4 protein chains.
Amino acid sequence: MIKVGIVGGTGYTGAELLRILAQHPQVQVQVLTSRQEAGRRADALYPSLRGHTDLCYSAPDVATLKGCDVVFFATPHGTAMQMAPELVAAGVKIVDLSADFRLKDTAQFKHWYKMDHSATDLLSEAVYGLPELHRDEIRKARVIGNPGCHATATQLALAPLLAAGVIETDGIIADSKTGISGAGRELKLGSMYSETADMLKAYAVTGHRHQSEIDQELGIVAGGPVGVTFVPHLTPMIRGIHVTAYARLKDRSVDLQKLFEARYQNEPFVDVLPAGDHPETRSVRGGNVCRIAVHKAPDTKTVVVLSVIDNLVKGASGQAVQCMNLMFGLDETLGLKAPPLMP
Amino acid sequence: MIKVGIVGGTGYTGAELLRILAQHPQVQVQVLTSRQEAGRRADALYPSLRGHTDLCYSAPDVATLKGCDVVFFATPHGTAMQMAPELVAAGVKIVDLSADFRLKDTAQFKHWYKMDHSATDLLSEAVYGLPELHRDEIRKARVIGNPGCHATATQLALAPLLAAGVIETDGIIADSKTGISGAGRELKLGSMYSETADMLKAYAVTGHRHQSEIDQELGIVAGGPVGVTFVPHLTPMIRGIHVTAYARLKDRSVDLQKLFEARYQNEPFVDVLPAGDHPETRSVRGGNVCRIAVHKAPDTKTVVVLSVIDNLVKGASGQAVQCMNLMFGLDETLGLKAPPLMP
Amino acid sequence: MIKVGIVGGTGYTGAELLRILAQHPQVQVQVLTSRQEAGRRADALYPSLRGHTDLCYSAPDVATLKGCDVVFFATPHGTAMQMAPELVAAGVKIVDLSADFRLKDTAQFKHWYKMDHSATDLLSEAVYGLPELHRDEIRKARVIGNPGCHATATQLALAPLLAAGVIETDGIIADSKTGISGAGRELKLGSMYSETADMLKAYAVTGHRHQSEIDQELGIVAGGPVGVTFVPHLTPMIRGIHVTAYARLKDRSVDLQKLFEARYQNEPFVDVLPAGDHPETRSVRGGNVCRIAVHKAPDTKTVVVLSVIDNLVKGASGQAVQCMNLMFGLDETLGLKAPPLMP
Amino acid sequence: MIKVGIVGGTGYTGAELLRILAQHPQVQVQVLTSRQEAGRRADALYPSLRGHTDLCYSAPDVATLKGCDVVFFATPHGTAMQMAPELVAAGVKIVDLSADFRLKDTAQFKHWYKMDHSATDLLSEAVYGLPELHRDEIRKARVIGNPGCHATATQLALAPLLAAGVIETDGIIADSKTGISGAGRELKLGSMYSETADMLKAYAVTGHRHQSEIDQELGIVAGGPVGVTFVPHLTPMIRGIHVTAYARLKDRSVDLQKLFEARYQNEPFVDVLPAGDHPETRSVRGGNVCRIAVHKAPDTKTVVVLSVIDNLVKGASGQAVQCMNLMFGLDETLGLKAPPLMP
C-alpha cells in the first residue's frame, strides 16, 4: 500500500482526494492536515465521508509527512514550495494541486501569484501534470505541478489542432464556463448562493492566472508562441467546466473528427464524442474524464471545439491521482473508474 | 457472474441501475429493454456511461429475459405484474421498482394505481424490499416489491419509534421534500426547469400513492394501525429526499439518540448522526445510504426525526441492488460502497 | 413627499427597500447609511439599481437622520434600539426590520438575541408590524417591529384557525422552507453556493429565534398559550418561504375554505387560493403577497395549511413599506402593486 | 387607452406581456387567445397574476382581434404571417414576437423555419423591432418583427464597433449563454429540470436560427457582409442571456469605453458599465435593459464585449412593449421602468 499524505484537506480538492482515494485499492491515506481544524474528524466537515474514513485533521508537520510515499498539496498557492524541498530530499514524491510548480518562468509566477518562487531548483525538475501531454515525464517525476481546471479543459481542446498545425496560432479564443466550486471553500461574497444562483457573469476578462499555463503548454505543443484570448465565466452549477474554443483553420479540408479521434484513441480519460454531438458538463460529474466534440462553424473556416470536465476531478483531484498512479507504476486508471453521476 | 436483465432502461432508475451495476464485481447486465429506443446504445441517452457499457436497448422479450438470473423492472406501474409470472416460473428472480408488488391489499392497489392487479398469487409471496425491515424474507424471496422513495425515508425515520412504542401512533406528520428526478424522465409541465427551478411547492396534499405503503409497513412495525399525515413537496434539486417526521412522545424521558443508534447499529446503509446534527441531502448524493438525526422539539414532548436519502439510490436503484445482493447470498454491500458526491 | 432614511443599506433587505421605494410615488429616500461602504454608490453594490437611484452610502449619523420623516432599520439586531429613542424624540417614525422591537418580553429577547434591551420604553409602545393582525395600531404607531419572515408566513397560515377556535392549540407543527437569501448577505460557509445548491437541510430544530414571535402573536390571536413546533429548512432557491402548517381539528365539519376566504376577503396582500390548489413560492417572487391554500388531510382530522411569501418582500421590506403606508395615512398598496416575476 | 390583443398567451412571452402591461398606464388588454386553454383564466396558469388580471383565454378569432389597436403575436413561427394581413388591412398594428417578420430574405426564412412565407407584401414593409437601430422606422411601422433574444444581445454588443469601423468584419465570435426559459413552455426533454439543472452545454453549433438575423442586421450596420460565428449555450438559470463577443481591432488605440458611451448615451434601455466591470445577468432580471461592458483582451488586439439581457424582457416582451410605445407616440419607457429583481 502506498502511504499518502494530504496537506490542506479541508477544501474541496482535499475532500475530493479523500473521496477518490477511498475507492483506490493500492493506497492508504495516513496523514491529513489542517492547521485550523486540527483534531476534528474529516467526516465532521464532509458527512458524505461518514463510514469511509476515520481520519482526523492534524496540524501540518514535515516530520510526519516524511513517513509518506507521496504527499498531495491541496493548499493555497505558496505553501507547497515551502515544504516540498525537505520532503523530496527525504524521498517523498509530491503532487501539488496549487500553482507552485506549474510555471517554468518565475517572472510569470511572480506576476500572477504576487510572490517570489522559493524553490526554483525543484521547479526546474517539476513536471506539468497533464498526462495527455507529459505521460512519460510524469512517470519519472518527483514533483508534479497539477494543472489548473480551466487550463486542463482548454489544452485538451486545442492541443490536437496545434500539434497538427492545422489552425492559425494567433487569434484563438477560449471561452470557459465554470461551476462555483472552482472558487473553493474560502468565504467570499462572490461565492455566496444568493450572489451566484440563477445567473451568469464573466470575470477577469483583462487577465486570469490560467492564461500563463495555457500559453506555456500550448506553446510547447505548437512549437512556438500561441495567442489565446481566455475568458472565464461563473455559472450556477456546483461542478463542471465547459470550454468553447474557436480558431481559424489554415486548411478547410482537414477531417477534424478523424484528427481528434486519432490523437486521443489511446487515452483512457479523453472521450471524443461522435461527430455532431455537444458534450454536457453533467456527463462528467464526479468522473475523471474529459469529453470533447469538434465542429466546423457554418462559415467553414472556423473550428469550434467543445470540451467538458469536472473541475474537481479531471480538473484537480482526479488528475492528481492519475499522476500518482503513473508515478508509482500502477495502472493509470486505478480508483478512477466510477461512472459519472447523471442526472 | 449473475446475469441481469433490466426492463425499461431509459428512465432515471434504469440508468441508475446501469451506473451502479457497472461497479458491481459479480454481475453482468445482459439485457436492457426499451420498446421506444430499441437499437440505440444506452450511452447515447446517457453519455455519462460512455466507456462503461456497450449495451443497446432491445424490445422487451420474455424469451430473452428468461436467460437472466434476475430481472429488474424499472417500468411504469402495471408492466411488471404482466411479465413476472412467466419469468418466475422459469426460475428468474424479480426486483420490481414500480409499485406492482408493494401493496398486499389489492383494493388499495386499485385505488391508488387505477388498475386491477393481474398477478395476485405472486403478490402474496412478494416481499417488500426494505432490508432494514425484511432482510431475512428478502434473502428467500423470488419477487421483491422495491419501496417507493418517500416511503423509504419515512419508514426508516419512524420505525424505531414505533417498534419501541414510545410515540403515539396517531397524529404523526411526515413532511417530505423531494428533488425533481423523483418525477422521472417522462415529459410533463411540472418537471420543466422553468417551472420548478428557484421555487418550492407542496403537491398531492389530499392523498399520495406512497401513503398506502407507509401505512402498510409502519402498521406492521407498530403492531396495529398508525395515523400518518404525509405531505410531499417539490424542491429545486435533482436528487434527494428529506423527510421531517413529527410525533408525540408517550414518555418524555426516553433517550432517543440511544434508541436510534441501537436500532441501526448493524445496518450497513443507515447512518445515525451525532446528537444535535442536521443531515443534508447532499451528504447522500449518489450513495446508497440513509442518514438520520433525531431531536426533541423545544416543547420536550414532540420528537422530530430528520431523514435523508438519494431518491434514485437508497430510494430506488441502490436499494434494488441491495435486495439483489441479499437474494443471491452476496455481501449486501457489493457495488454500493462508493462515497456520495459532495459538494 | 415623505423623506426616508435607511440605516444599513448594503444587505438584501436594504437593497429591497431601495427597489420597492424606487416605484413609490410618495417617498424620496434621502439618507442611506453604511459605515463600511460610506462614499460608494448604492448601484455599485446593486447594479440592478443603475438608472434608478443616485444615492451614495454615508456613515450613520443621527443628526442627518433626524431630517427624515421615517427611518427604516435594515441592520443587525441591537442597532435600532440604540438609535431609535433619539430619533423618535425628534418626531421621526421608525420601522425596524431587525428583531429589536418585536418581542414584548425582554427576557425572551435576551434569551434569543443574547443582549439586554436598551430601549424598554419604546419597546412597550412599539407595534408588531403585521397589518393583518394589527392594522389600526400600526396606523397610530411611532415604532414598528417588522415581523420575521418565517413568522409572517406561519402566522398568516394559522391565525384564522386559532381566531375561530377550530383547532387544538397544542401540538401544532409549522414546517418552514426558506430560500438562502433569508440568511442575508453576511459571509458564512452555510450560505455559499457550493454548500447549499442542489440540496436541502433542516436547521435549528432545537430552537429558532422566530419561535418567540410566533408564540407571542399567535397566543394573542388564540387568547391563550399555543404550542407550535417550528422547524425551518434551507432550500436551494434565492427567495421564497413555504410554510406547511399542521393542526388537529376540534370539529371536522368546519368549512375551512370558507373560513379562510372570509378572514382574508378584505386583505389586499393575502390571497386565498381556490380549494385544492397548492401555492408555489415563485408565484410571489418579488411581490408583496402571501398566498395560502387550506386542505383537510386524508385522515379528515388534520388540517394542512400551505402558505408562501417572498421572504424579502412580504417577509421583510415590502411589509415594512406596507406599514409605512399605514403610518402616513397613504393607500396601503402604494408602491407594492407590481406583479411577481414568473417564471 | 390603447386596446391590446395577445395571440398565444399561454407561453412565457405571452405571460410576460401580461405582467408588463399590468403596469402600463395607457393600455388595456382586451383579448387573450389560446386555442387549447380557451375558457380558462390566465391566472390559473400563472398564479403570479392573481389580482392583476381577470382575463380568460379565448379561441383566436380575427373578427374580435380587429377591435384592438395593436395585436402582439406570442405564437410559434408561422401563425402571425397567416393572420396579420387581414388585421393590418383593418387598421390594427402588429408586433410579432415570432420570426415571421424578421428576415427580409424569404429564402433565408424558408431555410431556417422550413416553410414558405405567406405574407411577403407585409414582410417588405415590416420593421425589425430593435429601437436602438431602427427607432424612427418603428415609429411609423404597421408591422414589427420583434428581434430574437440572442440576436438582441449580440447586436447591441457589436453594433457600435461595426458602425465605427474599428474591427475586422470577419472572424467575429458571439458566444452566447442563455437561461432555459428561452426554450419556451413547450414540453421537451431538453427543457426538463433533471436534464438541465447543475450543468451547461452548447447547442446548434453548426447553425442556429438567430444567425440569419444577426447577419442581416449587422450587415446593415457595417455597410457590407459580416462574418459572425454564433454559438449558443444552455445554462441552468431561468432567465438571462450573456453574450461574450470577440473581434479583432483594426486600430488598437481606439478608446472603446468612450465609443460605447457615446453610442448609447441617449438610449433609455442600454447601460454601458464603467470600464473594467463585468455585467451579471441577474442585474437585468425582470428589467427591460441591456447592460454592456467592453474590454481589451491582454493581447491588446482583441476586443471583448460582454452584454446581458433578460431574454423574456429586453429579449422579447419588454422590447415588444417598447416598440408599441414608439408606434403609438408614447413615452418609450412607459410600463418599463421597474428596477430588476436582485438578488
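From a predicted model like this one, the values you see are computed outputs, not experimental measurements. Letters A, B, ... are given to chains in the order of the sequence lines, protein chains preceding strands, and every chain is numbered from 1.
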*Stepwise side-chain hydrogen bond (donor to acceptor under 3.5 Å, both in side chains) check, B/His233 with C/Thr244*: CA-CA 10 Å; B/His233 299 73; C/Thr244 315; 2.7 Å; yes
_For C/Val231 and B/Tyr246: C-alpha separation, side-chain torsions, deciding distance, then whether side chain to side chain contact (heavy atoms under 4.5 Å, CB included) applies._
CA-CA 10 Å; C/Val231 175; B/Tyr246 304 84; 3.4 Å; yes
*Largest heavy-atom contact set with chain C, pairs under 4.5 Å, which of B/Lys201, B/Met237, B/His278*: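 Among B/Lys201, B/Met237, B/His278, the one with the most close pairs to chain C is B/His278.
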*What residue, out of B/Leu306, B/Thr302, B/Ile173, has the most heavy-atom pairs lying under 4.5 Å from chain C?*
B/Ile173
*Considering only heavy atoms and a distance below 4.5 Å, find which of C/Gly207, C/Gly276, C/Gly171 pairs most often with chain B.*
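Among C/Gly207, C/Gly276, C/Gly171, the one with the most close pairs to chain B is C/Gly171.
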_Shorter than 4.5 Å, heavy atoms on both sides: which option in C/Gly227, C/Ser194, C/Ala197 has the most such pairs with chain B?_
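Most pairs with chain B among the choices: C/Ser194.
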_Which portion of B/Asp299 sits near chain C, non-hydrogen atoms under 4.5 angstrom_ =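 The side chain, not the backbone.
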*Is it the backbone or the side chain of B/Asp170 that comes under 4.5 Å from a heavy atom of chain C, or both, or neither?*
both
With a 4.5 angstrom heavy-atom cut-off, could you sort out which part of [X] is near chain B: side chain, backbone, both or neither?
X	answer
C/Pro236	both
C/Val205	both
C/Lys296	backbone
C/Ala293	neither

*asked:* For B/Asp310 and B/Arg285: C-alpha separation, side-chain torsions, deciding distance, then whether salt bridge (Lys or Arg N to Asp or Glu O under 4.0 Å) applies.
replied: CA-CA 5 Å; B/Asp310 182 324; B/Arg285 186 190 291 132; over 6 Å; no
*Do the side chain of B/His208 and the main chain of B/His210 share a donor and acceptor less than 3.5 angstrom apart?*
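Looks like yes, one N/O pair under 3.5 Å.
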*Do B/Asp251 and B/Lys301 sit within salt-bridge range, that is, some charged N less than 4.0 Å from a carboxylate O?*
no
*Are B/Glu16 and B/Arg19 close enough, and set up right, to give a salt bridge (Lys or Arg N to Asp or Glu O under 4.0 Å), and what steps lead you there?*
CA-CA 5 Å; B/Glu16 192 71 355; B/Arg19 181 183 75 86; 2.7 Å; yes
*side chain to side chain contact (heavy atoms under 4.5 Å, CB included) between B/Arg282 and C/Glu195: does it pass, once the steps are laid out?*
CA-CA 9 Å; B/Arg282 64 182 184 139; C/Glu195 299 290 316; 2.5 Å; yes
